[in-house]
Amino acid sequence: MAHDIQDIAKNCKHFLPGRGSIKTMAETFQELADSLNGDELADRYGYGEYLQAFEAEIAAMFGKEAAVFMPSGTMAQQIAMRIWCERRSNFTVAMHPKSHLESAEHAGYLFLHNIHRLQFGGPEFVQNRMLTVEDFKNLGQQPGSALIELPYRELGGSLPTWNELQAIRAWCSEKGIPLHVDGARIWQCRPFYQKSYQEIASLFDSVYVSFYKDIGGLSGSMLLGPADFIAEAKVWQRRYGGNLFTLAPFVAAAKRGIDQVVPKIDSWVGRAQKVAEIFNQFDEISTYPNPPHANFFRLYIRGDHKTLTEKHHQLAEETGIIIFWGLHPAAVPNTATTEMHCWENAMNFDLDLLAPFLKRLLE
């Protein structure tokens with residue numbers, strides 16, 4: 001009999017995944033209102049003291065000259081690629097084939113801007129690994145812009161070494177190629193690099209950050225870079241229909257998340273490493289990377305994904321413990337996989353419960 005994990009979850013007390021209890025919209029908006037002083041005024045079409053002060057705060061955090069709040073990262077990054085490519089009169093971009101722009105946006109950069117992604121070899125032998133400076137050197141032609149994701153979402157939160165990043169930066173500088181970072185989850189990178197956000201961002205000409213993936217905001221993103229770049233990005237934001245009458249709810253939620261969440265993220269990374277260590281005690285289980293570089297990783301379990309998911313849900317119903325929401329088939333036959341994130345729930349989860357649960361799951 002199939003088990004609905006959402007129904008089971010209503011009676012569970014121990015959650016490894018998730019951000020805390022599910023809240024109604026009324027509860028969410030009330031918490032957001034309670035986080036405000038009461039004298040903040042909503043922006044109008046991107047102008048207002050509260051919004052502009054927040055943009056200046058994030059720009060300073062990453063050591064950039066200016067920033068603009070946008071409704072979505074899809075909008076922000078396509079705009080960034082358009083500006084850099086147009087300035088070089090070279091409408092090509094070098095980025096990983098599993099980049100968000102390629103895999104999750106219906107190739108918007110191509111359909112909207114006629115920008116073409118350069119291939120790193122055939123057939124894309126970089127599919128399951130991170131890019132290196134040698135990959136850029138072997139492109140065969142110079143791109144109009146280059147993009148690196150930190151951390152690589154589709155590669156389990158992997159991060160390239162600092163030396164590799166510096167080498168890619170040096171190559172781009174030598175060729176005059178603008179280097180952009182997809183920093184949707186860049187908040188997680190400090191422990192791995194032992195660098196500040198300013199130091200990490202110093203390697204890139206422009207930066208995109210997300211305010212909902214880790215920060216827990218309602219929606220929204222920010223694009224950061226030189227003042228003239230951001231001024232041009234604001235024009236494109238208007239063309240995209242992203243210069244909304246007000247962004248106030250999204251900005252307030254993002255500001256609240258920055259204040260409350262960023263101080264916790266380093267501890268989330270440490271928690272992910274402890275969780276992965278327990279998973280890797282079992283021969284049938286592995287994680288990638290090991291140890292995790294960020295506060296998430298890929299989990300692989302030997303066996304049929306449907307059978308393992310059903311058994312997990314049965315155990316969850318019996319024990320009140322939820323380890324994951326579901327499993328999917330991996331590229332390797334008879335192997336199940338899922339993405340494990342460590343947020344608030346993981347910090348409150350009793351890790352002594354994990355190994356006994358996994359032992360029963362694998363029986």
Side-chain angles (χ1 to χ4, degrees), residues 32-84 87 150 178-190 193 195-240 242-266:
L32 185 57
D34 292 341
S35 72
L36 298 169
N37 295 327
D39 58 355
E40 299 91 345
L41 296 176
D43 65 284
R44 292 293 181 267
Y45 294 113
Y47 292 96
E49 182 178 348
Y50 183 72
L51 168 58
Q52 290 173 284
F54 184 54
E55 289 172 337
E57 175 188 347
I58 302 303
M61 182 184 293
F62 286 89
K64 295 305 179 187
E65 196 172 15
V68 56
F69 194 102
M70 293 192 179
S72 77
T74 297
M75 180 185 300
Q77 297 209 96
Q78 289 181 13
I79 287 173
M81 293 301 96
R82 172 60 185 252
I83 294 172
W84 291 133
R87 288 186 178 187
L150 296 181
L179 180 60
H180 172 80
V181 61
D182 177 343
R185 298 167 179 81
I186 201 170
W187 317 103
Q188 309 173 17
C189 296
R190 285 187 307 193
Y193 289 124
K195 306 284 185 183
S196 69
Y197 292 137
Q198 280 196 17
E199 290 174 303
I200 297 170
S202 69
L203 300 181
F204 302 93
D205 298 290
S206 57
V207 177
Y208 144 68
V209 299
S210 172
F211 292 122
Y212 76 90
K213 293 180 174 69
D214 283 312
I215 301 303
L218 296 175
S219 188
S221 67
M222 200 170 285
L223 185 61
L224 305 88
D228 63 333
F229 170 85
I230 295 301
E232 192 170 350
K234 290 180 178 180
V235 176
W236 274 106
Q237 182 183 8
R238 186 71 176 179
R239 290 169 176 159
Y240 261 76
N243 185 217
L244 307 182
F245 176 63
T246 184
L247 291 163
F250 307 114
V251 177
K255 169 67 175 170
R256 178 173 179 263
I258 291 295
D259 293 342
Q260 295 186 0
V261 173
V262 168
K264 302 176 184 177
I265 288 183
D266 290 5

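For clarity, every value in this text was computed on a predicted model and none was experimentally measured.
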Which residues share a salt bridge (charged side-chain N to carboxylate O under 4.0 Å, His left out) with Asp43, sequence neighbours left out: none
Which residues share a ring-ring contact (aromatic ring centres under 6.0 Å, His included) with Phe211, sequence neighbours left out: Phe54, Phe69
Might you point out which heavy atoms bring Ala233 and Val68 nearest each other, and give the distance in Å? CB-CG1, 4.4 Å
Can you sort out the partners of Glu55 under salt bridge (charged side-chain N to carboxylate O under 4.0 Å, His left out), two or more places apart, ordered by chain and number? none
Does a side-chain heavy-atom distance below 4.5 Å link Arg87 with Phe229? yes
Counting only heavy atoms not in Tyr212 (residues, nucleotides, ligands), do more than 12 fall under 6.0 Å from its OH? no
Partner set under salt bridge (charged side-chain N to carboxylate O under 4.0 Å, His left out) for Arg82, not counting sequence neighbours: Glu86
Return the CE to CD1 distance between Met222 and Ile258, rounded to the nearest 0.5 Å. 8.0 Å
Distance (rounded to the nearest 0.5 Å) between Lys213 NZ and Ile186 CD1: 13.0 Å
Could you check whether any side-chain N or O of Ser221 sits under 3.5 Å from a backbone N or O of Ser72, counting only pairs where one atom can act as donor and the other as acceptor? yes
Tell me whether Arg238 forms a cation-pi arrangement with Tyr45, defined as NZ or CZ under 6.0 Å from the six-membered ring centre and within 45 degrees of its axis. yes
Drop me the distance from Arg44's CZ to Leu247's CG, to the nearest 0.5 angstrom. 11.0 Å
Can you give me the closest heavy-atom contact between Gly73 and Tyr208, atom names plus distance? CA-CE1, 3.3 Å
To the nearest 0.5 Å, what is the distance between NZ (Lys264) and CG (Asp266)? 13.0 Å
What is the minimum heavy-atom distance between Gln237 and Pro71, and which atoms define it? NE2-CD, 3.9 Å
Looking only at heavy atoms, what is the nearest atom pair of Ala59 and Ala67, with distance? CB-CB, 4.0 Å
Supply the atom-to-atom distance Leu224 CG to Phe62 CZ, rounded to the nearest 0.5 angstrom. 7.0 Å
Table please: side-chain donor-acceptor pairs of residues 198-207 below 3.5 Å, with sequence neighbours left out.
residue : atom : partner : partner atom : Å
Gln198  : NE2  : Ala60   : O            : 2.8
Glu199  : OE1  : Ser196  : N            : 2.8
Glu199  : OE1  : Ser196  : OG           : 3.3
Ser202  : OG   : Glu199  : O            : 2.6
Asp205  : OD2  : Arg169  : NH1          : 3.0
Asp205  : OD2  : Arg169  : NH2          : 3.3
Asp205  : OD2  : Leu179  : N            : 2.7
Ser206  : OG   : Trp84   : NE1          : 2.9
Ser206  : OG   : His180  : ND1          : 2.7

Given side chains that start at C-beta, do those of Ser210 and Ile215 come closer than 4.5 Å, heavy atoms only? no
To the nearest 0.5 Å, what is the distance between CG (Leu223) and CE (Met70)? 5.0 Å
Quick one: list whatever passes salt bridge (charged side-chain N to carboxylate O under 4.0 Å, His left out) with Glu57, sequence neighbours left out. Lys255
Would a 4.5 Å heavy-atom cut-off, applied to side chains only, mark Arg190 and Val262 as touching? yes
Considering only heavy atoms from C-beta outward, does the side chain of Leu32 approach that of Arg256 to under 4.5 Å? yes
